[in-house]
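This report concerns only the one structure given below.
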Number of protein chains: 2
Amino acid sequence: MKLKDLSELLHLSQTTVSRALNGYPEVAEATRRRVLAAAEAHGYRPNMRARSLATGRAMAIGHVIPVTARHEMVNPIFADFLAGAGEVYSRRGYDMLISIVPDEDQEQAYRELRTKGSVDGLIVHAPKLGDPRVHLLTEIGMPFVVHGRASDAVEPYSWVDMNNTHAFRRATDLLLDLGHRRIALVNGLENMDFAIRRRAGFEEAFAARGLTPDPALMTSEEMTEVYGHDTARTLLATAAPPTAFLVSSILPAIGVRRAIEEVGLRMGRDVSVITHDDDLSYLKNRGDVPVFTATRSSVRAAGQRAAEMLLDLVESPGSGPREQLLEADLILGQSTGPLLQSVSR
Amino acid sequence: MKLKDLSELLHLSQTTVSRALNGYPEVAEATRRRVLAAAEAHGYRPNMRARSLATGRAMAIGHVIPVTARHEMVNPIFADFLAGAGEVYSRRGYDMLISIVPDEDQEQAYRELRTKGSVDGLIVHAPKLGDPRVHLLTEIGMPFVVHGRASDAVEPYSWVDMNNTHAFRRATDLLLDLGHRRIALVNGLENMDFAIRRRAGFEEAFAARGLTPDPALMTSEEMTEVYGHDTARTLLATAAPPTAFLVSSILPAIGVRRAIEEVGLRMGRDVSVITHDDDLSYLKNRGDVPVFTATRSSVRAAGQRAAEMLLDLVESPGSGPREQLLEADLILGQSTGPLLQSVSR
DNA sequence: TCGATCATCCAAAGCGCTTTGGGGTGAGTC
DNA sequence: GACTCACCCCAAAGCGCTTTGGATGATCGA
């Protein structure tokens with residue numbers, strides 16, 4: 001069933017049917033109702049490709065996922081972000097287009113999305129320090145929202161981010177308050193903007209007390225469970241092991257816990273752990289008293305906010321860059337406790 | 001830069017330029033080279049919407065993600081599957097379209113994808129018992145591949161699945177060989193096809209030895225970490241606790257481990273655990289001796305295979321349904337050991 | 001009563017591409 | 001020298017929709 005069929009069936013022109021369907025005022029109410037009823041009855045759906053071609057709007061938002069040897073965006077955190085964004089898209093009638101692209105082809109991929117006309121806007125994931133994408137996308141005039149921030153961008157741009165610095169400052173303060181001084185920072189890849197900010201918050205808390213963190217206790221890697229485990233295992237075996245860990249995600253935090261237990265210590269008593277908790281659907285850190293003390297900020301909510309912002313931008317172009325900073329809660333769980341004198345040296 | 005511009009620039013007709021670009025034979029080699037060079041130089045990319053409209057092919061594959069109150073497909077396993085499929089799509093020039101749809105609107109959503117013409121084919125996720133989608137999609141004539149199987153479908157259909165029954169049969173056999181009899185099955189939702197098969201394998205192994213598993217030890221839920229933990233915690237507190245757990249995914253397995261350790265037991269000595277391991281990028285169960293003894297089958301590989309199969313189907317229609325059954329490896333890790341007489345009763 | 005205004009509707013021109021159905025041109029054939 | 005026959009190339013007709021620029025009456029004010 002196409003527009004032509006429907007219009008012939010109704011003895012109306014395609015113009016009128018189209019207008020009736022799309023809510024234009026130039027059509028009598030009675031006619032509109034007739035058209036709507038007929039469309040419903042015959043299950044008419046406009047062909048999106050044709051409509052897109054005519055309107056110039058794709059009704060789709062793109063997410064391009066860079067894949068490098070070291071870093072793979074397709075992680076559980078990303079999945080939850082997508083879930084949040086996807087809800088918003090479908091509610092507002094947009095599709096979600098995902099392209100998985102090798103890192104080196106990225107600029108190419110973005111340009112193609114523009115000229116191929118398959119999307120109306122983009123979400124930029126995992127911004128790095130010196131990320132060229134902000135410049136690239138403003139240059140080619142593609143609406144976009146960054147999940148996170150590209151600190152050193154010169155152009156203004158829209159973003160949704162969590163207050164990483166503040167969250168990690170608070171978490172570090174808590175550990176320091178509990179008496180810990182040898183605190184390990186198990187961070188994400190430090191070419192990522194969020195990791196840099198988290199480290200900044202960490203160092204800020206130390207500096208505010210006239211202390212400096214031990215660089216040997218700061219690590220930076222892709223945030224897998226194995227990374228958390230191996231790092232903790234290594235650090236705990238040193239002559240001067242940390243008495244607390246501040247971990248960048250719940251996945252490595254699980255690894256850290258595993259390592260702690262392997263060496264016969266108890267998390268929350270012998271070793272304290274605070275993690276950032278993205279509130280992932282499948283890895284909830286909840287309960288009366290959550291397992292982990294954590295800075296919590298739902299990445300799913302961030303996905304929703306970013307999607308809404310982007311659609312607003314797409315639908316009212318030139319409405320200037322927007323920004324949204326989400327604060328994280330600091331949730332007390334079972335994984336933190338005061339420094340044990342017997343364990344400290 | 002559009003086709004018209006390019007053709008005027010080259011003093012050729014749009015026809016010839018289009019043919020040269022798309023590798024049709026009716027154009028002289030020299031001309032083709034000229035066209036290709038000019039296209040490259042001016043960064044010409046055909047507008048996909050226009051091309052789609054003309055060819056009737058969307059060059060996109062859809063994944064519709066049902067969202068219910070209980071079950072959310074956007075889980076880490078799904079993310080890895082997407083990663084695998086996405087690689088294949090981009091290699092073969094397809095886009096990946098994701099729609100997140102409330103369960104009750106699903107039929108609607110599938111029909112729309114067809115008439116809106118936004119995709120050339122679909123991957124069907126999480127098939128349930130009595131899943132109506134196989135019928136629906138064959139009826140509306142949309143190519144599709146099921147990830148898993150819809151056991152009770154009447155029409156033939158294409159699928160990629162892991163041999164769930166066999167894998168769980170083998171895992172159960174191992175536990176039985178080690179002397180365990182009180183084995184808990186921490187399964188996924190049992191309206192899902194895969195969960196039914198896994199349970200079948202589990203029961204089969206018991207039956208082959210003239211035994212029957214204790215129904216009280218079989219649970220079925222969405223496969224989260226919390227589910228694994230709570231289930232294990234509950235079961236371990238009963239008068240006749242299990243001495244081994246067979247778990248359907250690494251996420252609940254992590255929860256089971258947490259519960260075991262909370263009650264002061266040691267996994268692999270006091271309580272054995274085997275999990276199914278989808279070989280998730282961010283939750284690797286690797287190492288010289290992996291933490292978990294596991295049935296391992298990469299869901300990412302499954303995503304690749306499903307995508308390849310679907311594209312083949314799309315590109316050569318009527319080439320009949322295809323099937324692929326992937327076998328899982330049984331990997332020995334640290335989480336299994338012989339039944340301790342002191343623990344058994 | 002007559003032009004002006006409004007409310008409805010329509011024909012046709014795109015949107016940017018592919019593809020059908022020829023149409024020249026020069027080499028090869030008898 | 002006339003006739004095929006490849007070989008290249010082109011004009012134009014779609015693909016299914018939106019949108020421009022009227023056309024047609026009906027209504028209205030003076």
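No experiment lies behind these values; they were computed from the predicted model shown. Per chain, numbering begins at 1; letters A, B, ... match sequence-line order.
When all heavy atoms of B:A20 and B:R32 are compared, the pair lying nearest together is O-NH1, 2.9 Å. A pairwise comparison of heavy atoms in A:A39 and A:L21 identifies CB-CD1, 4.2 Å as the closest pair. Closest non-hydrogen pair, A:R49 versus B:R57, comes out as NH1-C, 4.1 Å.
Computed from coordinates, the A:M48 CE to C:dC15 C1' distance equals 15 Å when rounded to whole Å. Residue A:R51 contributes atom CZ, which lies 21 Å from atom P of C:dC17 at whole-angstrom precision. Atom C1' of nucleotide D:dC10 and atom OH of B:Y24 are separated by 16 Å, given to the nearest angstrom. Between B:K4 atom NZ and C:dA13 atom P there is a gap of 14 Å when expressed in whole angstrom units. The CG-P distance, from A:L6 to D:dC17, rounds to 9 Å in whole Å. Per the geometry, CE belonging to B:M59 stands 14 Å off C1' belonging to C:dC17, to the nearest Å. Between B:N47 atom CG and C:dG14 atom C1' there is a gap of 14 Å when expressed in whole angstrom units. Taking atom CZ of residue B:R49 and atom C1' of nucleotide D:dC15, one finds them 15 Å apart after rounding to whole Å.
Closest to the B:T16 side chain, of the nucleotides D:dT18, D:dG16, D:dC9, is D:dC9. Checking C:dT18, D:dT18, C:dA11 against every side-chain atom of A:S13, the shortest atom distance belongs to C:dA11. Between D:dC10, D:dG16, C:dC17, one nucleotide has an atom nearer to the side chain of A:A50 than all others, and that is D:dG16. Side-chain atoms of B:T31 lie closest to D:dC9 of the nucleotides C:dG16, C:dT18, D:dC9. Listed nucleotides: D:dG16, C:dC17, C:dT8. Nearest to the side chain of A:L53: D:dG16.
Note: A:H63 and A:Y89 meet the aromatic proximity criterion, with ring centroids under 6.0 Å apart.
Here the options are A:M162, A:E308, A:M309, the test is side-chain contact (heavy atoms from CB on, under 4.5 Å), and the partner is A:Q324; only A:M309 passes.
The pair A:E315-A:R92 counts as a salt bridge, with a side-chain nitrogen and a carboxylate oxygen less than 4.0 angstrom apart.
Where B:V17 and A:P46 each meet DNA chain D at their nearest nucleotide, the meeting point lying more 5' is that of B:V17. Take the nearest nucleotide of DNA chain D for B:T55 and for B:P25: the residue whose nucleotide is more 5' is B:P25.
Ring geometry, B:F144 versus B:Y157: the interplanar angle falls under 30°, so the pair is classed parallel (tilted spans 30 to 60°).
Side-chain N/O atoms of A:S13 and A:T16 include a donor and acceptor closer than 3.5 Å. A donor-acceptor pair shorter than 3.5 Å can be found between the side chains of B:Q106 and B:D103. For the residue pair B:R300 and B:S281, a side-chain donor N or O sits within less than 3.5 Å of a side-chain acceptor on the partner.
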Short heteroatom pairs, N/O only, protein and nucleotides 20-23 of chain C, under 3.5 Å:
none

Close N or O pairs between protein and nucleotides 26-28 of chain C (under 3.5 Å):
none

